[in-house]
Amino acid sequence: SGGASFRVPMGVGGRFGGVEFPQGMRLLVADDNPSTREGILRIFSNRGIRVLTASTGEEALEVLLKGEVDVALVDYMMPHIGGVEVIRRLREEEQCSERYTYVIMITVKDTKEDLVLAMASGADDYVVKPFDPDDLTLRVLSGTRVMEVQRKLRFMARHDQLTGLLNRRAVIEMEEREMARSVREGGSLSVAMMDIDRFKAINDTYGHLAGDQVLREVARRVGSKLRVYDVVGRYGGEEFLLILPGASLGDAKRLCERMRSAIGSEPVLYDGLQIPVTASFGVAEFVPQLTVDQLNNLADQALYLAKASGRDAVRA
Ligand code: GH3
Ligand code: MG
Ligand code: MG
Ligand code: MG
């Protein structure tokens with residue numbers, strides 16, 4: 001087969017040249033044959049899908065394990081690490097994450113045994129060389145649809161629907177990641193627990209829908225004061241957890257002061273009502289050996305001090 005394994009088709013992109021892929025999709029083409037790679041690149045160029053290439057199994061695996069590819073076309077026959085092994089290792093890694101890559105095996109082998117082996121190793125689909133560009137386009141399209149659903153589900157699993165912030169699980173995951181980074185790189189890390197003051201009274205006075213609007217607006221005001229690397233999530237009902245990488249205790253207190261003042265700066269408007277709102281903050285600095293629970297407990301204790309001091313306050 002060699003260079004002839006891929007014939008440049010008439011009118012590349014063919015009848016399905018007008019196919020629209022979901023936005024922001026990334027495609028990996030892993031094949032040791034340069035002309036196959038070029039042929040596939042041509043099919044998908046200027047089609048609204050970003051294409052990366054790999055010429056060895058090792059390279060393919062490196063790209064795939066970063067989890068940044070949506071659909072991968074993986075050649076069956078590559079020297080050293082072949083396609084079956086690439087997919088097998090990818091699937092192994094994916095078991096301990098919430099990521100998934102849609103994999104299409106490219107093969108010249110079309111005996112049942114080889115296809116069974118490819119699919120059993122974790123491929124979602126296969127194409128047989130020499131393939132028809134329209135056929136390949138449609139199979140990739142089908143893969144991007146699966147990945148779009150996966151993206152939506154992943155987003156929903158990590159975000160709070162009311163405020164659009166990270167949810168409790170996702171913000172704790174970020175906290176764990178930043179704690180590990182701080183241990184590794186020795187940088188400062190602080191966290192803050194923030195809680196809206198007398199929120200029950202807001203619900204009781206103005207109604208639950210007004211309370212929801214206050215939650216959304218407070219989330220927006222906090223978000224507007226965050227630095228690029230800061231993260232905020234909805235930790236509980238009207239409680240938020242802030243992760244502040246690089247911030248010493250003093251930095252974190254100053255940051256929270258800015259947020260506190262932004263939250264209380266003006267009333268929240270809802271249905272012609274003006275609802276005054278304030279929040280209290282408890283700040284804690286991470287030191288190695290602390291667990292997530294211990295760190296959050298320290299922030300919680302500081303929050304209690306802020307509440308006890310009369311609320312609308314920051315304490316460490
Ligand atoms: P404190 O200043 O001590 O924090 O008083 P508080 O009233 O804010 O604290 P408490 O924990 O007693 O009340 C929290 C209230 O938040 C109770 C609960 O009904 C309300 N809440 C929790 N989640 C939501 C939500 O999603 N929407 C609305 N509207 N209310 C919520
Ligand atoms: Mg090959
Ligand atoms: Mg409260
Ligand atoms: Mg509370």
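Indexing begins at 1, ligand by ligand and atom by atom, following the structure's order. The figures here come from the full heavy-atom set of this structure, side chains too, leaving out hydrogens, waters and symmetry mates.
Between K225 and A262, the shortest heavy-atom distance links the atoms CE-CB, 3.6 Å. Shortest non-hydrogen contact noted between E266 and R221 is O-NH1, 2.6 Å. Between L165 and A219, the shortest heavy-atom distance links the atoms CD1-CB, 3.7 Å.
A donor-acceptor pair is defined here as one N or O able to donate and one able to accept, closer than 3.5 Å; no such pair exists between the side chain of D75 and the backbone of A30. Side chain of D251 to backbone of S248: a donor-acceptor contact under 3.5 angstrom is found. Side-chain N or O atoms of S280 include one that pairs as donor or acceptor with a backbone N or O of D312 at under 3.5 Å. Checked by atom type and distance alone, the side chain of R234 pairs as donor or acceptor with a backbone atom of G237 at under 3.5 Å.
Scanning all protein heavy atoms for the shortest distance to atom 21 (N) of ligand 1 gives F199 CE2, 3.9 Å. The single protein non-hydrogen atom nearest to atom 3 (O) of ligand 1 is R311 NH2, 3.0 Å, given as residue, atom name and distance. With respect to atom 28 (C) of ligand 1, the closest heavy atom belonging to the protein is D212 OD1, 3.3 Å. Of the protein's non-hydrogen atoms, the one nearest atom 7 (O) of ligand 1 is K200 N, 2.9 Å. Shortest contact from atom 1 (P) of ligand 1 to any protein heavy atom: K307 NZ, 3.4 Å.
The Mg ion (ligand 2) has no N, O or S atom of D31 inside 2.8 Å of it. None of the N, O or S atoms belonging to T36 lies under 2.8 Å away from the Mg ion (ligand 2).
Residue I196 touches ligand 1 through its backbone alone, judged by heavy-atom distances below 4.0 Å. Contact annotation for L215 and ligand 1: only side-chain heavy atoms (C-beta onward) come within less than 4.0 Å of the ligand. When non-hydrogen atoms are compared, ligand 1 lies under 4.0 Å from the side chain of D195 (C-beta onward) but not from its backbone. The proximity of R234 to ligand 1, defined as any non-hydrogen pair under 4.0 Å, is limited to the side chain.
The N, O or S atom of D32 lying closest to the Mg ion (ligand 2) is OD1. When distances from the Mg ion (ligand 4) to the N, O or S atoms of D195 are compared, OD2 comes out shortest. The closest approach of E238 to the Mg ion (ligand 4), by N/O/S atoms, is made by OE2. Between the Mg ion (ligand 2) and the N, O or S atoms of D75, the shortest distance is to OD2.
Interatomic distance, E238 CD to M194 CE, rounded to the nearest 0.5 Å: 9.0 Å. Between the CG atom of L166 and the CE atom of M174 there is a distance of 6.5 Å, given to the nearest 0.5 Å.
In this comparison of G237, G207, A279, G236, the heavy atom closest to atom 23 (N) of ligand 1 sits on G237.
Within a 4.0 Å radius of atom 10 (P) of ligand 1, the protein contributes no heavy atom.
In this structure, R145 fails the cation-pi test against F21, since its NZ or CZ atom is not both closer than 6.0 Å to the six-membered ring centre and inside 45 degrees of the ring normal.
Annotation: M156, atom CE; neighbour count of heavy atoms from other residues, nucleotides and ligands within 6.0 Å does not exceed 12.
Checked by atom type, the side-chain pair D134/T137 shows no donor-acceptor distance below 3.5 Å.
Any N or O atom pair closer than 3.5 Å counts here, and G211 shares no such pair with ligand 1.
Residue contact check: N203 has heavy atoms under 4.0 Å from atoms 19 (O), 20 (C), 28 (C), 29 (N), 30 (N), 31 (C) of ligand 1.
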